[in-house]
Student: 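Please see the structure below; I have some questions.
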Protein chains: 2
Amino acid sequence: MTTKRTSRPLTLRDVSEASGVSEMTVSRVLRNRGDVSAATREKVLTAARTLGYVPNKIAGGLASQRVNLVAVIIPSLSNMVFPEVLGGISAELDDTGLQPVVGVTNYSPSREDAVLYDMLSWRPSGVILAGLEHSLPARAMLDNVGLPVVEIMDIDGDAIDTAVGISHRRAGAEMAAEILAAGYRRIGFIGTHMPEDHRARKRLAGFEEHLAQAGITLAAREYYQGGSSLQKGRELTERILAREPELDFLYFSNDMIGAGGLLWCLEKGYDIPGKLGLAGFNGVDLLDGLPMRLTTTDARRVDIGRRAARIVAGKEPRPENGIVALSPTFLPGDTIRKG
Amino acid sequence: MTTKRTSRPLTLRDVSEASGVSEMTVSRVLRNRGDVSAATREKVLTAARTLGYVPNKIAGGLASQRVNLVAVIIPSLSNMVFPEVLGGISAELDDTGLQPVVGVTNYSPSREDAVLYDMLSWRPSGVILAGLEHSLPARAMLDNVGLPVVEIMDIDGDAIDTAVGISHRRAGAEMAAEILAAGYRRIGFIGTHMPEDHRARKRLAGFEEHLAQAGITLAAREYYQGGSSLQKGRELTERILAREPELDFLYFSNDMIGAGGLLWCLEKGYDIPGKLGLAGFNGVDLLDGLPMRLTTTDARRVDIGRRAARIVAGKEPRPENGIVALSPTFLPGDTIRKG
DNA sequence: TGAAAGGTTGGTAACGGTAACATCATTTCG
DNA sequence: CGAAATGATGTTACCGTTACCAACCTTTCA
């Protein structure tokens with residue numbers, strides 16, 4: 001049973017009076033800072049617990065000019081990729097006293113500005129945000145904040161402070177190489193039409209460049225709007241194959257639509273990977289367990305989160321050039337012919 | 001190009017000096033509060049923009065005793081269900097000036113305590129947290145905070161202040177009713193073994209009670225540890241059917257493992273829904289596009305988020321009895337025989 | 001024309017903590 | 001045994017903003 005509570009919120013002073021020591025000493029006890037005798041510590045803790053006192057970080061932060069928050073700004077929570085990055089961040093932040101605060105932009109630059117402004121107004125001790133492309137106002141805010149700023153996911157471009165991620169151009173190129181090595185030649189692409197998804201764009205660019213070096217151009221492409229789902233993958237796969245029946249490979253911009261395409265092809269009796277190969281992107285293990293494992297690229301999401309968090313937390317130094325490059329990993333799966 | 005910046009962070013005073021008015025007036029302009037002439041407003045905004053001033057909510061919050069944050073405490077981000085709830089919350093909070101701050105507990109009561117304590121120390125203007133079961137310290141903290149506290153997802157139990165959700169007992173019972181009505185009799189259950197997932201437990205209880213009323217008991221059950229995935233669904237389905245080949249229905253505790261089970265059964269050539277029926281729970285539309293649509297119950301995730309947010313934001317009054325009961329909706333899909 | 005009313009601006013005192021330093025008691029050690 | 005080091009506690013001055021009230025300047029209208 002807690003004590004009855006007046007309407008006035010509790011402050012250090014209440015704990016101080018209840019335990020017969022100064023507010024300063026109470027503060028020291030509650031933060032485990034400085035020397036306090038075991039006896040007073042005990043008195044104070046008992047009093048605090050009895051009253052149900054919860055420290056006020058607003059006041060504390062103002063006084064100390066330090067806030068244990070890390071702003072994390074990501075485009076979306078509705079596919080599996082960013083929650084996994086978050087998992088990495090939060091795991092690595094766990095023993096640092098730092099706490100992530102998440103803001104979602106829905107891939108909108110103006111929302112990114114707004115979210116960033118809002119987060120900075122809390123004076124966090126670091127910022128982690130997705131991508132290298134930001135509006136002018138956003139860059140202006142970040143250029144001189146005097147905090148660690150880590151841009152994640154992508155390293156194809158210039159970082160404001162530090163970037164942690166993979167090269168999506170390279171991921172695209174490597175997938176192209178694997179596909180060509182496996183002997184496929186009439187290749188189609190299915191992806192989302194989101195001008196703000198720069199990583200998908202760069203992946204496709206790297207993919208096409210590599211094809212071009214082998215004298216090959218994409219035989220077909222199909223774009224869609226909105227979120228990715230199995231259903232979307234089915235529809236687009238049907239459409240692209242109706243239009244270009246001669247295709248022997250489909251490169252999807254993510255695993256979810258890739259899986260939809262795979263299911264559709266299997267139902268229609270396509271010979272996979274013999275006559276038709278399929279590949280996605282991300283390497284989400286949620287989809288393990290489909291009739292065949294989809295060929296894909298592991299985007300190193302958890303690692304990206306971890307490394308970014310380590311840098312913000314000061315567990316690991318910012319590299320000289322500001323770039324932490326992780327390697328996208330090709331996962332052969334079952335939907336590409338074995339070399 | 002922004003102006004060069006000294007190391008000292010900007011304050012209202014800087015903007016005040018740059019625009020030739022008092023700090024108080026600058027504050028009024030930036031908050032759109034009180035009367036300010038158009039001319040000064042313009043001057044101030046220009047100065048603020050030029051300097052790149054970002055208000056300090058720490059100081060502002062302390063002075064005004066108001067903070068535009070809503071604490072949202074959920075068990076997990078790694079399945080689709082809580083992100084969807086979050087989507088509902090954030091959509092409804094969008095035009096209120098309130099901002100959700102998310103804490104994740106990983107289904108651990110002690111982490112819930114810690115996260116709650118931490119969030120309360122920021123003096124948010126409301127709390128939304130999953131479930132009705134909380135530790136004693138957590139209840140003590142919440143009983144007298146003097147803020148709107150909304151417990152979500154579940155309404156089978158006592159709310160601290162307000163609860164918004166569905167009855168999982170009812171959801172389970174209704175699914176049992178549908179299954180029996182469709183003529184299935186030898187029913188197996190596959191679910192996660194998480195003592196802290198009270199909703200899954202209540203669902204199963206409601207399910208079994210309803211079966212019991214018809215004189216039927218579960219013919220088999222299979223539990224697993226850890227996250228849900230298609231793969232897990234496959235394995236457990238294989239196991240339970242190996243053990244009890246006579247089963248004619250499988251009730252899964254969520255759609256993801258249900259989908260895994262479905263894929264496995266289809267591969268093995270089971271006659272679905274003729275000889276074997278399957279059902280999951282949640283109604284995640286991510287999985288639309290499987291070879292058959294899994295029978296399931298829509299848990300009303302987005303609505304729950306919206307209603308909870310509306311109550312916290314004061315857009316909608318707290319109901320007399322403190323309970324906002326939404327109806328779980330049966331989604332027949334293709335994996336149960338039509339009545 | 002002068003008082004009232006309303007719009008616009010500024011001064012001052014909080015808000016609830018913490019940093020930095022001061023103070024006093026106790027221990028350590030040459 | 002006295003000086004210096006160390007431990008334990010308190011005092012004071014902020015941190016950057018907003019609430020509240022006072023002051024001033026117009027405009028309105030009897």
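The model shown is predicted, which means the values in this text are computed figures rather than measured ones. A, B, ... follow the sequence lines: proteins, then strands. Residue 1 opens every chain.
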Student: Within the structure shown, what part of the strands sits under 4.0 Å from B:Asp35 by heavy-atom distance: base, sugar-phosphate, or nothing?
Tutor: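 Base, at least one base heavy atom under 4.0 Å.
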
Student: For B:Asp118 and A:Lys57: C-alpha separation, side-chain torsions, deciding distance, then whether salt bridge (Lys or Arg N to Asp or Glu O under 4.0 Å) applies.
Tutor: CA-CA 9 Å; B:Asp118 225 75; A:Lys57 290 208 181 171; 3.3 Å; yes

Student: When the distance from NZ of A:Lys57 to P of D:dG16 is rounded to whole Å, what number comes out?
Tutor: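 My rounded result for the distance is 20 Å.
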
Student: Measure NZ/B:Lys43 against C1'/C:dT9 and give the value in whole Å, please.
Tutor: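 Interatomic distance, NZ of B:Lys43 to C1' of C:dT9: 11 Å.
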
Student: May I ask you to evaluate whether A:Arg123 reaches the phosphate of D:dG16, defined as a side-chain N or O under 4.0 Å from OP1 or OP2?
Tutor: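 So the side-chain polar atoms of A:Arg123 never come under 4.0 Å of the phosphate oxygens OP1 or OP2 of D:dG16.
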
Student: Counting only side-chain N and O atoms of A:Tyr53, is one of them less than 4.0 Å from OP1 or OP2 of C:dG16?
Tutor: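 No.
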
Student: With a non-hydrogen cut-off below 4.0 angstrom, is A:Glu23 in contact with a base, only sugar-phosphate, or nothing?
Tutor: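 Since no nucleic acid heavy atom lies under 4.0 Å of A:Glu23, the category is nothing.
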
Student: Would you confirm whether A:Arg301, through its side chain, and A:Gly87, through its main-chain N or O, come within 3.5 Å as a donor-acceptor pair?
Tutor: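 Between the backbone of A:Gly87 and the side chain of A:Arg301 there is no qualifying donor-acceptor contact (under 3.5 Å).
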
Student: May I ask you to evaluate whether A:Gln65 reaches the phosphate of D:dC14, defined as a side-chain N or O under 4.0 Å from OP1 or OP2?
Tutor: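 Negative; the distance criterion is not met.
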
Student: Any side-chain N or O of B:Ser27 under 4.0 Å from OP1/OP2 of D:dT17?
Tutor: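 Answer is no, no contact under 4.0 Å.
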
Student: What about A:Arg28: does its side chain form a donor-acceptor pair under 3.5 Å with the base of D:dG10?
Tutor: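 Indeed, a donor on one side and an acceptor on the other fall under 3.5 Å apart.
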
Student: To the nearest Å, how far apart are A:Arg8 CZ and C:dG16 C1'?
Tutor: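 Answer to the nearest Å: 12 Å.
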
Student: Mark yes or no for whether B:Asn106, through its side chain, and B:Ser108, through its backbone, hold a donor-acceptor pair below 3.5 Å.
Tutor: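 Pair absent, no side-chain N/O of B:Asn106 close to backbone of B:Ser108.
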
Student: Give the rounded distance in Å between these two atoms: CG of A:Asn56 and P of D:dC15.
Tutor: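 These atoms are roughly 18 Å apart.
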
Student: Can I get a per-line list of side-chain donor-acceptor pairs under 3.5 Å for residues 70-77 of chain A, giving both atom names and the distance, sequence neighbours left out?
Tutor:
{"from": "A:Ser76", "atom 1": "OG", "to": "A:Ser78", "atom 2": "N", "distance (Å)": "2.9"}
{"from": "A:Ser76", "atom 1": "OG", "to": "A:Ser78", "atom 2": "OG", "distance (Å)": "3.2"}

Student: Could you pick out which residue, A:Met24 or B:Met24, lies toward the 5' side of DNA chain C when each is mapped onto its nearest nucleotide?
Tutor: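 Checking each residue's closest nucleotide, the 5'-ward one belongs to B:Met24.
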
Student: Quick one: is D:dA19 close enough that its OP1 or OP2 comes under 4.0 Å of any side-chain N or O from B:Ser64?
Tutor: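 Checking D:dA19 against B:Ser64, no side-chain N or O comes under 4.0 Å of OP1 or OP2.
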
Student: How long is the line joining CD1 of A:Ile58 and P of D:dT17, in whole Å?
Tutor: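 Nearest whole value for this atom pair: 14 Å.
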
Student: Quick one: is B:Ser22 getting a side-chain N or O under 4.0 Å of the C:dG10 phosphate, OP1 or OP2?
Tutor: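 Yes, within the criterion.
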
Student: Base, sugar-phosphate or nothing for A:Arg33? Non-hydrogen atoms, less than 4.0 Å.
Tutor: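 Nothing, no nucleic acid heavy atom in range.
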
Student: Would you mind telling me which residue lines up with the more 5' stretch of DNA chain D, B:Pro55 or A:Thr40, judged by nearest nucleotide?
Tutor: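 Nearest nucleotide further toward 5': that of A:Thr40.
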
Student: Which part of the nucleic acid, if any, lies within reach of B:Arg41 when heavy atoms closer than 4.0 Å are counted: base, sugar-phosphate only, or nothing?
Tutor: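 Since no nucleic acid heavy atom lies under 4.0 Å of B:Arg41, the category is nothing.
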
Student: Determine, for B:Lys315 against B:Asp95, whether the closest basic-nitrogen to carboxylate-oxygen distance falls under 4.0 angstrom.
Tutor: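 Salt bridge flag = yes for B:Asp95 with B:Lys315.
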
Student: To the nearest 0.5 Å, tell me how far A:Leu45 CG sits from A:Tyr53 OH.
Tutor: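 Answer for the CG-OH pair, A:Leu45 versus A:Tyr53, is 12.5 Å.
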
Student: Counting only side-chain nitrogens and oxygens, does A:Thr25 get under 4.0 Å of the OP1 or OP2 atom of D:dA8?
Tutor: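 It does not, given that no N or O in the side chain of A:Thr25 lies less than 4.0 Å from OP1 or OP2 of D:dA8.
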
Student: Measure CD/B:Glu42 against C1'/C:dT8 and give the value in whole Å, please.
Tutor: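 Roughly 17 Å, once rounded to whole Å.
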
Student: Starting from P on D:dT17, measure out to CG on B:Leu12 and report it in whole angstrom.
Tutor: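 For the pair B:Leu12 CG and D:dT17 P, the rounded distance is 4 Å.
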
Student: Please pick, from D:dA19, C:dG16, C:dT9, the nucleotide with the shortest atom-to-atom distance to any side-chain atom of B:Val36.
Tutor: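 Looking only at heavy atoms from C-beta outward on B:Val36, the closest nucleotide is C:dT9.
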
